[in-house]
Amino acid sequence: MPDSFKEILSRESVFVKRDVLSPHYIPGKLPHREKEIERVMRSVSPALEGGKPRNLFIYGKTGTGKTSTVKYVLNKLQEEESGKSAPISFINCRLYGSRYKVMQKIVQDHIPDFAKPGYGISFFYERLLDWIEKDGKQLIVVLDEVDMVKDLDDLLYTLTRSNDDLKKGGVSLLGISNRLNFKEKLDPRSMSSLLETEIVFSPYNSRELASILDARSKTGFAKGAVEESAINLASAIAAQETGDARYALKLLLRGGEIADERGERPVTDKHVEEARKSVDEGVATDAISTLPDHQQIVLYAISKLTLRGSRYSRLGNGDSDGENYLLSGEVYEDYVDSSKKFHKMPRSARWFRQYLNDLEMLGLITMVDSGKGQRGHTRFIKIAYSAEKVRDIVEKQLMGG
DNA sequence: CCTCCACAGGAAGCGCAGGAGT
DNA sequence: ACTCCTGCGCTTCCTGTGGAGG
């Protein structure tokens with residue numbers, strides 16, 4: 001318990017430059033991505049000499065450094081080529097998820113005068129061609145999370161076709177995606193245009209993660225403020241999950257915050273261990289509060305019944321492990337009641353089943369098929385997180401609003 | 001053995017909001 | 001700015017499934 005604000009302020013933090021630990025920070029050096037950086041540079045380099053870069057496609061799971069690598073290379077490109085012959089549009093397709101929006105964004109980036117809404121695609125297209133031809137520019141369009149574009153075939157067609165319509169200059173594409181299987185849905189023609197070159201980013205292993213964390217903590221943390229074992233644990237946990245560098249960074253950052261809150265000085269693996277709980281809980285809270293209302297209500301019904309105990313408590317005799325499993329029928333009944341409580345019209349039983357499947361996909365509940373000992377064919381449902389917490393989150397979410 | 005139970009999940013169709021085209 | 005179109009969330013209807021009960 002601090003005696004005064006003065007004490008809190010004078011207390012030394014383990015951080016010296018906190019934002020270095022943030023996942024958005026792009027360090028001056030990207031460890032373990034040297035090969036990838038070189039390949040991206042190689043494919044972009046023709047732009048420096050007025051040539052058309054090859055189209056490039058990058059895959060890799062989240063937190064493997066795809067976006068950072070591309071941003072790093074493009075920053076370098078703009079530094080070395082301070083002229084205006086290789087303009088860049090960096091587009092996050094989660095925000096600009098259609099051909100129209102992407103085209104509009106490109107125009108807005110470079111010729112904002114014409115970016116008013118209401119114009120058709122063909123208008124944007126021709127303005128853009130004029131602008132590129134003017135002094136033979138080499139436009140580079142980066143499509144981050146490219147799988148989020150609804151009419152991707154059309155977009156790719158439009159952009160690659162522009163090279164045929166241009167007398168001078170060119171447009172090249174750089175696509176980034178974390179889903180490997182999405183190209184199956186693509187038109188073979190747009191596939192071959194996008195996949196001229198392909199780079200796969202593999203997940204970091206725990207040693208690589210450790211050296212990344214180590215490098216960042218050297219500038220982010222105060223000297224001696226973080227123990228090596230803490231870094232190793234954070235890397236090991238993240239490597240075990242998916243090799244996600246963002247997750248590893250979060251663990252370390254949160255661990256530092258926890259240590260600060262208690263005024264403890266070196267960040268140890270104990271802090272990281274607790275950070276893991278807190279981070280995972282935060283993820284669950286986020287996942288729940290962004291859920292559609294009715295899925296939240298289903299979760300609410302499940303958590304309520306879990307706390308009260310199943311009405312049909314006769315599970316297979318002797319199966320003492322099966323505590324707190326609920327039947328989908330009784331959950332539906334409570335879901336209908338709970339919907340009324342939150343002033344919502346309950347959905348049909350068919351759609352309720354769909355909700356259950358969605359929630360299972362998100363890892364918020366688990367289900368097993370009813371075996372012996374149960375009349376009829378149903379599923380046993382169990383909540384994956386603390387029932388009290390889930391109930392409170394949903395209540396807060398749906399009551400005040 | 002057949003029937004019933006208590007569901008699972010596919011198919012078809014419907015109304016609506018928002019995006020595309022004019 | 002206006003209409004047309006499409007995708008999405010949802011309902012209704014239906015067939016399937018595996019054990020219980022008679």
Side-chain angles (χ1 to χ4, degrees), chain A residues 91-108 114-128 143 145-159 161-162 182 185-187 190 288 290-299 301-302 305 310-319 322 324-340 342-362 364-383 398:
Chain A
I91 296 164
N92 182 349
C93 299
R94 191 185 290 274
L95 271 51
Y96 302 90
S98 69
R99 174 172 68 149
Y100 187 87
K101 286 187 173 173
V102 168
M103 291 299 287
Q104 189 180 323
K105 174 75 162 72
I106 296 173
V107 172
Q108 192 180 22
F114 294 108
K116 293 179 199 129
Y119 290 128
I121 284 194
S122 53
F123 180 86
F124 288 143
Y125 182 71
E126 268 159 45
R127 288 287 120 212
L128 197 63
L143 299 169
E145 303 199 54
V146 61
D147 45 307
M148 301 295 280
V149 180
K150 269 187 287 186
D151 46 358
L152 188 56
D153 280 320
D154 294 338
L155 174 66
L156 294 179
Y157 176 74
T158 308
L159 289 174
R161 185 192 110 121
S162 62
F182 101 102
K185 304 184 300 194
L186 274 179
D187 190 309
S190 36
I288 292 169
T290 55
L291 239 40
D293 287 355
H294 282 277
Q295 295 191 29
Q296 289 194 37
I297 298 171
V298 172
L299 262 184
I302 293 170
L305 290 175
S310 174
R311 207 182 331 138
Y312 308 82
S313 49
R314 54 174 289 262
L315 290 171
N317 298 341
D319 184 9
N324 277 339
Y325 270 113
L326 309 168
L327 304 181
S328 86
E330 63 175 332
V331 174
Y332 182 67
E333 282 175 33
D334 193 272
Y335 156 75
V336 171
D337 288 348
S338 299
S339 298
K340 288 173 188 153
F342 293 117
H343 312 292
K344 307 271 181 195
M345 280 287 291
R347 301 287 180 251
S348 70
R350 178 67 188 87
W351 203 248
F352 164 78
R353 281 174 229 137
Q354 192 58 49
Y355 286 151
L356 287 180
N357 291 338
D358 293 346
L359 292 173
E360 188 184 31
M361 286 287 193
L362 292 169
L364 293 168
I365 60 173
T366 55
M367 297 192 284
V368 279
D369 252 51
S370 67
K372 283 192 221 167
Q374 181 54 42
R375 195 153 196 269
H377 177 213
T378 182
R379 286 185 297 188
F380 297 143
I381 299 162
K382 197 176 177 185
I383 197 157
L398 293 181

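Labels below follow one simple rule: chain letters A, B, ... track the order of the sequence lines, proteins then strands, and each chain is numbered from 1. Note that the structure is predicted; figures quoted are calculated from it, not measured.
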> When the ring planes of A/Y335 and A/Y332 are compared, do they come out parallel, tilted or perpendicular, using 30° and 60° as the limits?
Replying inline: tilted

> Is a side-chain N or O of A/Q296 found less than 3.5 angstrom from the main chain of A/L291, in a donor-acceptor match?
Replying inline: yes

To the nearest Å, how far apart are [X] [atom1] and [N] [atom2]?
X      : N      : atom1 : atom2 : result
A/D369 : B/dA6  : CG    : P     : 16 Å
A/L327 : B/dC7  : CG    : P     : 7 Å
A/R347 : C/dC10 : CZ    : P     : 5 Å
A/E330 : B/dA6  : CD    : C1'   : 13 Å
A/L326 : B/dA6  : CG    : P     : 17 Å
A/L356 : B/dG9  : CG    : C1'   : 12 Å
A/M345 : C/dC10 : CE    : P     : 12 Å

> Does A/R353 make a side-chain donor-acceptor contact with the base of B/dG10, cut-off 3.5 Å?
Replying inline: no

Taking only side-chain nitrogens and oxygens of [X], does any of them come within less than 4.0 Å of OP1 or OP2 of [N]?
X      : N      : answer
A/Y332 : B/dC7  : no
A/S348 : C/dT11 : yes
A/R99  : B/dG21 : yes
A/S328 : B/dA8  : yes

> Nearest to the side chain of A/K101, which nucleotide is it out of B/dG19, C/dT12, B/dC7?
Replying inline: B/dG19

>> By the definition side chain to side chain contact (heavy atoms under 4.5 Å, CB included), identify the one residue from A/I106, A/V107, A/T158 that meets it with A/Y125.
In response: A/T158

>> If you define the side chain from C-beta out and look only at heavy atoms, does anything of A/V331 sit under 4.5 Å from A/F352?
In response: yes

>> Here's a test of your reading of the structure: between A/G376 and A/R379, which maps to the more 5' nucleotide of DNA chain B?
In response: A/G376

